[in-house]
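Read through the structure below, which is laid out as structure tokens, and then see the notes.
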Amino acid sequence: MTDDDRDRLTAHALLADGTTVCVRSVRPGDREQLRGFYEKMSPENLRRRFFAASRRSADLAADRATAPPRPDYRALLAETRGRVIGLAEYETDDDTDTAEMSIAVADGLHHRGVGTLLVEHLVSAARADGITTFTADALSENYEVLRLFTDLGLRAARRFEGPEVRCTIALDEDDTYLSAVEARGRAADVASLEPLLRPDAIAVVGAGRRPGSVGRALLHHLHEGGFTRRLFAVNPHVSSILGVPSYPSVGALPKVPDLAVLAIPAEALPATAEECGKAGVRALLVVSAGLDSDQAEALLSACRTYGMRLVGPNCLGISNTAPKLRLDATFAADHPRPGTAGVAVQSGGVGIALLDGLSRLGIGVSSFASLGDKYDVSGNDMLQWWESDGRTDLALLHLESFGNPRAFSRTARRVTRRMPVLTVEAGRTEAGRRAAASHTAAAATRTMTRQALFTQAGITATRSVGELLESAALLHSQPLPAGTRVAIVTNAGGAGVLAADACAEAGLSLPALPPELIDDLLAVLPEGAAVGNPVAATAAVSEEQLRDCAERLLRYPGVDALLLVLVPTAVAAATGDDLVRALTGGPGRRERPVTVVRLEQDLPVKLLPAREGGTVPSYAEPGAAARALARAAHRAAWLNRPAGTVPELAEVDTARAHTVAETYLSAHPDGGWLDPRTCAELLACYGLPQLPWAWAETEDDAVIAAERLRGPDGRVVMKAHWPGLLHKSEQHAVHLDLQGDAQVRAAFRDLETRFAGLMTAVVIQPLAARGTELFAGVVQDEVFGPLVLFGLGGTATEVLADHAARLAPLTDHDVHDLIAAPRCAPLLFGAHGSRPADLEGLEQLLLRLSRMAGDLPQVAEVDFNPVLATPAAVTVLDACVRLLPRRAQDPYLRRLR
């Protein structure tokens, strides 16, 4: 890492109590602050830090930390409002990967997580510098620092040496450490959101006297919604608005509000935010829009300086329907119904639709956040709030952007095991960004990247707000199905056919019913009933008959869900039977989900009260019910599968790979596509299987190489090369089936003539055996990280677009899903009696590709096409790798946006 990189290390993060601090590299100008930091320490604190109560040691430590940067030393400080509250540093010995570290925290700030946060950031920086181990000395009586080292989540060992303890800490980033960091981050995050979502006092700044203003609407909603705690308005022209006391400024309020709601012009926001911060406000809700870049920077700077969490700007507002709070700081038309669904959106319009839909269904809302432009509080924050609030059992998201997708994914994987997390796939038609004109870049769209994120995190993704509510209704009211087997019962044969089609299209199955069950059903159904699947119960079926039929189907272990498709009939009307009532209760309902389709229903989805408590979802058309059941089955399968692990890989030389990348980039500062020799060297670092090849710059070299590489059939392939050439087949820069010296010479002369001035050499390879041509690649997304793609290869890869994708690092489950997802998968598993491909070799190739992309942030793109899969082996026939000068980012480091 360069000295400039070290100087740029600045991040804002949360302490255990939710306080915001700035963590940054120490600079020479910090000397006096650090001297003051040590001078204010008690003699006991100094003794624990320096093993003696020495002011001289403190002066030397301040001088060392602020000396000009050097490669063997790093110091990070934590500060709040310009005051240094902690310092962590390490120093290495010459030519070792071990560093001696130390930590100091200001008096009065112990047990708030200052030291732990600093050490986490120091660990991340040390890893980037190639350090693998920290050592630290402490007095044996210094229980606080010893507990800090023990509780980090890293492997730590102690050795007692008289009154001192020598601690050795391995800096491995394993799941134990990441989980410990997550737990600390979650606690800090929830604490920081308390003033926002459970405020003791709120001030609305910008509530006007005349109806029609957003600020007045917000104040009206809060007041009329029955907010149970202190509520103020800030308006210098009146003493009260809507019965709420008004004051001329935030500083004039009789009580410092936890939350300030700002509905004022954009140009007034920076000064008002500064005023709020100085007054001690702890959270801001900014509904104003239209900020320019300077105003946006000033607003966020005020929030970071004074430790205020921020929702917005350009948002609809927030609400928390807890009975003892009744917070509704939105300007939606109606108050949300209290309930158990947590909702976070970026679009205010989507937020209004979801609030209305959840209220109408009776599910209601636990808390709601319209994130708007999402300067600070994000979907990740809200997931962690819902996880711990004790009220939420269903999470609904509409996110147009992701600040830290990998941290979001880890949070979502954890939360979605406790409650369903649903989202709308926003922006599905957005064209994917093209990093370069390769197969990989052409295949990797933003839609594919989002889908990979949602799939791996266990998030239920839908295509519209309507589909989101369809699935929410079922997941809220019914148990999950054990599988995809559905039994359909209908009183109208044609409606049953529609439902069967919908189930098949959604990926559900309709199993045949066994003879003994058929006999049971015929015994309770009216004459003329057709007992297949669907079960056509006829228009004459009564409420009791339909209930008996449903109960028998729900007891049958070969059915995972029951779908009732009903139409109103004159027969039921004449007898007074309520066929829906027959299906909304009874034995077995709680073990397997029951859904109803009523074709005459006026709303797309409703929740009907069940006879024995609870509700049953009712849909207006079969497709909605089938989609909801399929998503519920997918969630059940995800929950039932153990969490995947990233396998250990043998014969990986990461250090050598870094050297290859750094050597290339030092010669090509702007990056570029690797030449075949450098590309092969990089692939060899990860044990990626390549077809033998030779580099030939002259016709005679080509003949010699061909003679050496000819296989049993004597044939070779010749490929032209020049910098930037990717699609050799499209450029007609390949000759196949070359036999004998004469054909090799003729092919070389042809390429040399047609590509005069471009071609620098040719690559000679033996002609590969017959097999399935596949495609594998990586695109390094600046936000999402590396995306691994896989699918059908060869010249048809872009035409057929048969690709699947997963975000790295790939687990064992991810790689299996990646192989099974494309439409070409049956070819690999042995379709039509053919032998299956080398699946273990294919898994290894994808895992090693994932590892390479994770190890090297400089890998912007990888394109393996074709990859030849045969029963005996998997081999890369053609490889292209593009490097860019990128610095590694730690996606799991605790920091605010």
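Any value given below was found using the heavy atoms of this structure, including those in side chains, with hydrogens, waters and symmetry copies removed.
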Heavy-atom closest pair, residues [X] and [Y]:
| X | Y | result |
| --- | --- | --- |
| Val287 | Ala263 | CG2-CB, 3.6 Å |
| Leu231 | Val244 | O-CG1, 3.4 Å |
| Leu139 | Arg48 | CD1-CA, 4.1 Å |
| Met308 | Ala302 | CE-O, 3.7 Å |
| Leu316 | Ser370 | N-OG, 2.8 Å |
| Met382 | Ala344 | CG-CB, 4.0 Å |

Using a 3.5 Å distance criterion without hydrogens, assess whether the side chain of [X] forms a donor-acceptor pair with backbone atoms of [Y].
| X | Y | answer |
| --- | --- | --- |
| Asn320 | Leu197 | yes |
| Asn235 | Ala207 | yes |
| Asp151 | Leu148 | no |
| Thr19 | Leu15 | no |
| Ser192 | Asp189 | yes |
| Thr228 | Lys324 | yes |
| Asp890 | Ser124 | no |
| Thr416 | Gly458 | yes |
| Asp30 | Gln33 | no |
| Asp389 | Thr392 | yes |

Above 12 or not: heavy atoms from other molecules or residues under 6.0 Å from [atom1] of [X]?
| X | atom1 | value |
| --- | --- | --- |
| Arg64 | CZ | yes |
| Glu297 | CD | no |
| Arg155 | CZ | no |

**Message:** Could you walk me through whether Val105 and Leu87 satisfy the side-chain contact (heavy atoms from CB on, under 4.5 Å) test, starting with their C-alpha distance in whole Å, then the side-chain angles of each, then the deciding distance to 0.1 Å, before giving a yes or no?
**Reply:** CA-CA 7 Å; Val105 176; Leu87 178 71; over 6 Å; no

Could you check whether any side-chain heavy atom of [X] comes within less than 4.5 Å of a side-chain heavy atom of [Y], counting everything from C-beta outward?
| X | Y | answer |
| --- | --- | --- |
| Phe232 | Val204 | no |
| Leu397 | Phe408 | yes |
| Pro248 | Val234 | no |
| Arg304 | Cys22 | no |
| Val165 | Asp137 | no |
| Asp258 | Ile202 | no |
| Gln384 | Val415 | no |
| Leu77 | Phe37 | no |

Using only heavy-atom distances, determine whether the side chains of [X] and [Y] contain a donor-acceptor pair under 3.5 Å.
| X | Y | value |
| --- | --- | --- |
| Asn380 | Thr411 | yes |
| Trp386 | Ser366 | no |
| Arg326 | Thr321 | no |
| Gln346 | His398 | no |
| Thr92 | Arg74 | no |
| His335 | Glu224 | no |
| Tyr892 | Glu173 | no |

If you measure from the Lys or Arg side-chain nitrogens to the Asp or Glu carboxylate oxygens, is any gap between [X] and [Y] under 4.0 Å?
| X | Y | answer |
| --- | --- | --- |
| Arg198 | Glu194 | yes |
| Asp200 | Arg230 | no |
| Arg418 | Asp393 | no |
| Glu100 | Arg166 | yes |
| Arg410 | Asp175 | yes |
| Glu164 | Arg158 | no |
| Arg47 | Glu141 | yes |

**Prompt:** Can you tell me how far CZ of Arg282 sits from SG of Cys303, rounded to the nearest 0.5 angstrom?
**Reply:** 14.0 Å

**Message:** Would you compute the distance between atom CG of Leu193 and atom CG of Leu14 and round it to the nearest 0.5 angstrom?
**Reply:** 8.5 Å

**Request:** Evaluate the side-chain hydrogen bond (donor to acceptor under 3.5 Å, both in side chains) criterion for residues Arg186 and Ser388: first the C-alpha distance (whole Å), next the side-chain angles of each, then the deciding distance (0.1 Å), finally the verdict.
**Result:** CA-CA 9 Å; Arg186 179 166 66 253; Ser388 62; over 6 Å; no

**Test side-chain hydrogen bond (donor to acceptor under 3.5 Å, both in side chains) applied to Asp328 and Ser319, step by step** = CA-CA 4 Å; Asp328 185 9; Ser319 67; 4.7 Å; no

**Request:** Give the C-alpha distance, both sets of side-chain angles, the deciding distance and a yes or no for side-chain hydrogen bond (donor to acceptor under 3.5 Å, both in side chains) between Asp381 and Ser378.
**Result:** CA-CA 5 Å; Asp381 295 303; Ser378 66; 3.2 Å; yes

**Prompt:** Between Ile131 and Leu171, is a side-chain contact (heavy atoms from CB on, under 4.5 Å) present by the stated rule, with each step listed?
**Reply:** CA-CA 8 Å; Ile131 294 168; Leu171 306 188; 4.0 Å; yes

**Item:** Verdict with reasoning, Phe134 to Tyr90, per ring-ring contact (aromatic ring centres under 6.0 Å, His included)
**Value:** CA-CA 8 Å; Phe134 274 165; Tyr90 72 70; 5.6 Å; yes

**Request:** Verify side-chain contact (heavy atoms from CB on, under 4.5 Å) between Leu396 and Leu358, making sure each step is shown before the conclusion.
**Result:** CA-CA 10 Å; Leu396 277 65; Leu358 291 167; 4.0 Å; yes

**Request:** Check the pair Phe50, Tyr38 against ring-ring contact (aromatic ring centres under 6.0 Å, His included), reporting the backbone distance first and the verdict last.
**Result:** CA-CA 11 Å; Phe50 298 110; Tyr38 285 120; 5.5 Å; yes

**Request:** Please step through side-chain contact (heavy atoms from CB on, under 4.5 Å) for the pair Leu154 and Phe149, ending with a clear verdict.
**Result:** CA-CA 8 Å; Leu154 296 170; Phe149 295 151; over 6 Å; no

**Message:** Could you walk me through whether Glu387 and Arg414 satisfy the salt bridge (Lys or Arg N to Asp or Glu O under 4.0 Å) test, starting with their C-alpha distance in whole Å, then the side-chain angles of each, then the deciding distance to 0.1 Å, before giving a yes or no?
**Reply:** CA-CA 9 Å; Glu387 184 183 15; Arg414 185 183 69 247; 2.8 Å; yes

**Test salt bridge (Lys or Arg N to Asp or Glu O under 4.0 Å) applied to Lys40 and Asp107, step by step** = CA-CA 8 Å; Lys40 293 174 184 176; Asp107 288 359; over 6 Å; no

